[in-house]
Amino acid sequence: MEIKIYIDVLLAINFLYNYILLQVTGLLLKMHVKKRRILLASCAGALYAAFAFFAPDSTLFGLLFKLIVGSILCAVAYRPSCFSVFCKQVCVFYASVFILGGALFACFYFFDCSASLGAVYRNGSMYINLPLYLIIPVALVVFLLLHTAFSTGRRRADRKEKLYTVRLYRLGNSVTVKAFYDTGNMLTEEISGKSVMIAEWNSVRKLFPGIHFKHIQNRKDIVFVGYRSLQGGSVLPAFLPDKMYVEGKRRIRSIEPMYVGLVDRTLDYYHAWKAILPHTFEGEESYERNMDVPLAECHQAPGLSGR
């Protein structure tokens with residue numbers, strides 16, 4: 001049976017397929033990726049797919065070349081900070097290719113619809129003979145289903161994680177931050193030896209009214225905490241709050257204030273928490289300065305009225 005190939009349909013299908021793959025990879029890696037970089041990489045992938053589909057058979061479209069193209073798409077979309085991170089992104093990207101490709105094959109196999117849809121695969125490019133007004137809704141439904149599945153799985157995993165509600169007070173202002181207890185956070189402030197909690201700037205900026213993150217390092221009450229990561233060594237601006245409390249469902253307990261390191265980025269892709277507690281937090285009796293007090297009494301206590 002002769003199948004007519006429409007270039008606009010070919011471009012749209014491969015663009016949406018690449019977009020879903022790159023988004024799924026970002027979800028798996030829990031990365032906060034800029035949409036314009038995903039769109040740029042998806043467009044590049046679609047143009048390559050159209051060229052490969054109509055080009056004559058060649059070794060240029062073999063396994064090695066496909067791996068190179070996929071790696072380039074990952075580099076464009078995620079802008080990796082180092083080679084090891086780049087390798088991880090590429091591996092997860094191709095794992096997503098196998099997952100979605102297997103799901104697509106299963107649909108063709110169980111519903112026997114490849115012939116009726118005019119599905120064609122050539123040189124790594126996929127074509128399905130669907131009108132454009134159906135392609136976009138179908139791709140949207142697939143993406144929403146995948147996103148819902150990953151989000152649901154993430155929320156269930158979050159219930160098993162140790163999340164705490166922490167209240168910070170500074171100069172009469174206060175904020176409440178959802179914090180994740182991470183045994184891998186071993187940062188300490190060198191002079192005092194106090195542990196360091198890491199927090200998103202947007203979650204605590206009310207403690208510094210009228211101050212922009214770019215100017216926070218010029219303040220006299222800010223210290224700098226050194227750390228090392230995959231990107232190399234650097235420093236975090238940090239401050240010591242006046243008071244810190246950990247909220248429970250019905251009670252609140254005072255803890256010894258620890259330094260709060262500030263980062264101007266999102267810590268959790270799913271926004272389940274906005275701060276990272278240090279490894280010394282849980283079970284540290286030296287943190288407690290007084291007995292647990294009912295939550296209502298703390299709200300009425302002097303100096304604890306601001307939110």
Salt bridge (charged side-chain N to carboxylate O under 4.0 Å, His left out) with E200: which residues, sequence neighbours excluded?
K274

Starting at CG of L163, measure out to OH of Y181 and round the result to the nearest 0.5 Å.
13.0 Å

First locate atom CD1 of I13, then atom CZ of F53, and finally report the distance between them rounded to the nearest 0.5 Å.
9.5 Å

S42 pairs by side-chain contact (heavy atoms from CB on, under 4.5 Å) with which of L39, L40, I38?
I38

Check for me, please, whether V90 and L64 land in the same ILVMFWY cluster - side-chain distances under 4.5 Å, paths through other members count.
no

When you group the ILVMFWY residues by side-chain heavy-atom contacts below 4.5 Å and let the links chain together, are W201 and M258 in the same group?
yes

Any side-chain heavy atom of Q23 sitting closer than 4.5 Å to one from L21?
no

When you group the ILVMFWY residues by side-chain heavy-atom contacts below 4.5 Å and let the links chain together, are V76 and V97 in the same group?
no

Find the distance between NZ (K178) and CD (E247) and round it off to the nearest 0.5 Å.
8.5 Å

Starting from the C-alpha separation in whole Å, work towards a yes-or-no answer on side chain to side chain contact (heavy atoms under 4.5 Å, CB included) for V177 and M197.
CA-CA 11 Å; V177 182; M197 180 179 83; 5.6 Å; no

Any side-chain heavy atom of S254 within less than 4.5 Å of one from M244?
no

Which atom pair, heavy atoms only, marks the closest approach of A199 to V204?
CB-CG1, 4.2 Å

Full working for side chain to side chain contact (heavy atoms under 4.5 Å, CB included) between L277 and V166:
CA-CA 10 Å; L277 289 164; V166 180; 4.2 Å; yes

Got a second to check how far L22's CG is from C74's SG, nearest 0.5 Å?
6.5 Å

Do V260 and V196 come within less than 4.5 Å of each other through their side chains, counting heavy atoms only?
no

Least distance between heavy atoms, G45 atom then L73 atom
N-CD2, 3.7 Å

I'd like to check the side chain to side chain donor-acceptor pair (under 3.5 Å) partners of S71; sequence neighbours left out, ordered by chain and number.
none

Side chains of S195 and T188: donor-acceptor distance under 3.5 Å anywhere?
no

In Å and rounded to the nearest 0.5 Å, what is the CG to CD1 distance from L267 to I198?
7.0 Å

Note: K194-E256 ion pair, threshold 4.0 Å (strictly below)
yes

Can you pull the side-chain hydrogen bond (donor to acceptor under 3.5 Å, both in side chains) pairs that have at least one residue in residues 89-99, sequence neighbours excluded?
T25-S96

Do I255 and Y245 have side chains that approach each other closer than 4.5 Å (heavy atoms only, starting at C-beta)?
no

Could you tabulate the donor-acceptor pairs under 3.5 Å formed by side-chain atoms of residues 208-217, not counting sequence neighbours?
residue: H212; atom: ND1; partner: K214; partner atom: N; Å: 3.0

Using 30° and 60° as the class limits, which term best fits the ring planes of F65 and Y48: parallel, tilted or perpendicular?
tilted

Using only atom types and a distance under 3.5 Å, with no angle test, would you say the side chain of R170 pairs donor to acceptor with the backbone of L207?
yes

Can you tell me how far the CG atom of L236 sits from the CD1 atom of I222, to the nearest 0.5 Å?
11.0 Å

I'd like to know if I191 and V235 are part of one continuous hydrophobic network [Ile/Leu/Val/Met/Phe/Trp/Tyr, side-chain heavy atoms within less than 4.5 Å].
no

Would you say the side-chain atoms of N18 pair up with the backbone N or O of C43, donor to acceptor, closer than 3.5 Å?
no

Applying the side-chain contact (heavy atoms from CB on, under 4.5 Å) criterion to R167, which one of T176, V246, V175 satisfies it?
T176

ILVMFWY cluster, I68 and F86 together (side-chain gap under 4.5 Å)
no

Under a 4.5 Å cut-off applied to non-hydrogen side-chain atoms, are D221 and F239 in contact?
no

For Y19 and K35, run side chain to side chain contact (heavy atoms under 4.5 Å, CB included): C-alpha distance rounded to whole Å, both residues' side-chain angles, the deciding distance at 0.1 Å, then the answer.
CA-CA 10 Å; Y19 184 85; K35 292 292 189 294; 3.7 Å; yes

Residues in salt bridge (charged side-chain N to carboxylate O under 4.0 Å, His left out) with R79, at least two apart?
none

State which residues pass side chain to side chain donor-acceptor pair (under 3.5 Å) with N202; sequence neighbours excluded, sorted by chain then number.
R205

Go through it in stages, so that I can follow the logic: the residues are F15 and L47, the test is side chain to side chain contact (heavy atoms under 4.5 Å, CB included), and I'd like the CA-CA distance, side-chain angles, deciding distance and then a yes or no.
CA-CA 8 Å; F15 169 82; L47 291 173; over 6 Å; no

For Y259 versus S192, what's the shortest heavy-atom pair and its separation?
CE1-OG, 3.4 Å

